[in-house]
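Computed from heavy atoms alone, side chains included, the values below leave out hydrogens, waters and symmetry copies. We count ligands from 1, going down the list as the structure has it; atoms in each ligand are counted the same way.
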Amino acid sequence: MLIIPGTSSKELGKKIADLLKAKLIEIEHKNFPDGESYIRLKERIGRDDVIIVQTLYPQNNSLIELFFLLDLVRELGTGKVTLVIPYFAYARQHRRYLEFEVISAKTIAKIIDFFNVEKVIVIDVHDKAALKFFRAKTVNLTTSLTIANYYKNKLKNPFVLIPDQERKEFGKNIAKVLGCDYTWLKKYRDRITGKIKTKIWKDFDLKEREVLIADDIISTGETVMNAIEILKKKNAKSIFVACVHYIPSKAYEKIIKAGAKEIIATNSIQSEISKLDVAPLIAKELSKEKF
Ligand code: R5P
């Protein structure tokens, strides 16, 4: 089994290879002065099965590099190709909200399928509907246990809050490990302006409770900050924030300034707040495969 990490998952790919005791194939990468990408495998790969690991951040560059890599390994006559995409970008657009919109998740799935990929493994995809476009087998791993284990015994009188109704299951799983209750907020997005509004759908009491806000993605930080505002009005004792995919930005500082004690994320996208390692989760899934 060969592991080929793309440019966006160099560190993570190496960790996975170490855990699986698999051979790591490094790539040489550079950008031309005009921004175009160049990729070359540092060694021959033969006909072995390969696992490509490439998270989709920065979204567009990592995508084009992924397509280059897929084409390259196929052209070199490799065996089975398994693809690990820790952060599957563009999954928000898995359907048409306004007429004539592109369904970007579908476009990406179609291109990946073109290269006869055997299996696609993702982590906490924004919406599972984005995976239905693949012909390849897909696996959606969840980090709810990873997040819950990090906070187990760390919070006094905990409470879990999910800042939007679409991730109830995620909240339920975390709350179960923490042995507490949970709820979610209702989030509405204006499809034209992109502005969001967050509301409580059922009242809750937070006296003396340490609250964990958990979400799949933090991008601008707006969703989490809306939730923090609500929690402060409810007199939460302290607020902690965890997300799976943190899109590197200034959101981290804004969220701390808004009143969170801590903000953590996984290393699906490597950043200054990547405290949780997804390599063991991915390695466990890959070890089920027969290569
Ligand atoms: C959206 O529905 C996701 O679950 C996240 O809540 C969202 O992507 C976060 O984005 P932002 O940080 O820009 O509010």
Side-chain angles (χ1 to χ4, degrees), residues 55-60 62 85-98 101 103-105 108 122-132 140-144 146-148 160-175 182-201 211-232 239-260 262-266 268-276 278:
T55 208
L56 296 186
Y57 182 82
Q59 294 85 342
N60 299 342
S62 58
I85 309 180
Y87 170 55
F88 185 55
Y90 287 105
R92 287 190 189 97
Q93 199 71 25
H94 58 83
R95 70 180 174 94
R96 207 163 266 135
Y97 297 93
L98 300 175
E101 277 181 343
I103 303 175
S104 38
I108 293 168
V122 298
I123 297 182
D124 288 306
V125 66
H126 177 67
D127 197 310
K128 285 185 196 139
L131 302 180
K132 71 176 185 237
N140 179 37
L141 302 174
T142 179
T143 57
S144 55
T146 317
I147 292 176
V160 174
L161 183 74
I162 301 298
D164 96 47
Q165 60 280 12
E166 280 164 34
R167 230 144 301 286
K168 293 175 199 159
E169 199 61 25
F170 195 59
K172 187 176 168 186
N173 293 339
I174 296 174
Y182 74 103
T183 194
W184 59 92
L185 298 172
K186 285 218 161 169
K187 180 170 120 182
Y188 308 87
R189 186 181 291 277
D190 183 314
R191 289 280 156 201
I192 309 285
T193 63
K195 284 247 169 289
I196 58 165
K197 275 195 189 137
T198 310
K199 284 189 182 148
I200 294 176
W201 69 281
V211 184
L212 171 63
I213 302 176
D215 205 356
D216 61 334
I217 307 170
I218 292 180
S219 168
T220 62
E222 211 183 324
T223 305
V224 165
M225 284 191 296
N226 282 1
I228 291 179
E229 207 177 303
I230 290 174
L231 291 177
K232 287 206 301 201
I239 302 166
F240 296 79
V241 177
C243 77
V244 186
H245 314 291
Y246 177 71
I247 314 292
S249 66
K250 291 273 169 232
Y252 156 62
E253 283 95 336
K254 287 196 281 183
I255 289 168
I256 294 291
K257 221 171 157 188
E262 178 185 53
I263 166 169
I264 61 160
T266 76
S268 68
I269 299 170
Q270 191 62 44
S271 79
E272 61 208 305
I273 64 161
S274 299
K275 285 247 171 73
L276 308 173
V278 291

Engineer: With a 4.0 Å heavy-atom cut-off, what residues sit around ligand 1?
Structural biologist: Arg92, His126, Asp164, Arg167, Lys187, Asp215, Asp216, Ile217, Ile218, Ser219, Thr220, Gly221, Glu222, Thr223
Engineer: Show me the side-chain donor-acceptor pairs of residues 217-231 shorter than 3.5 Å, one per line, residues at least two apart or across chains.
Structural biologist:
unit_1, atom_1, unit_2, atom_2, d
Thr220, OG1, Glu222, N, 3.1
Thr223, OG1, Lys187, NZ, 2.9
Asn226, ND2, Thr198, OG1, 3.0

Engineer: Determine yes or no for a side-chain-to-main-chain donor-acceptor pair under 3.5 angstrom, with Arg92 supplying the side chain and Ala105 the backbone.
Structural biologist: no
Engineer: Considering residues at least two apart in sequence or located in another chain, which fulfil the ring pair (Phe, Tyr, Trp, His ring centres under 6.0 Å) criterion with Phe170?
Structural biologist: none
Engineer: Taking the inter-plane angle between the rings of Tyr182 and Trp184 on a 0 to 90° scale, is it parallel (under 30°), tilted (30 to 60°) or perpendicular (over 60°)?
Structural biologist: tilted
Engineer: Determine which pairs satisfy side-chain hydrogen bond (donor to acceptor under 3.5 Å, both in side chains) with at least one residue from residues 244-259, sequence neighbours left out, and list them in order.
Structural biologist: His245-Ser268
Engineer: Is any side-chain heavy atom of Ile174 closer than 4.5 Å to a side-chain heavy atom of Leu212?
Structural biologist: yes
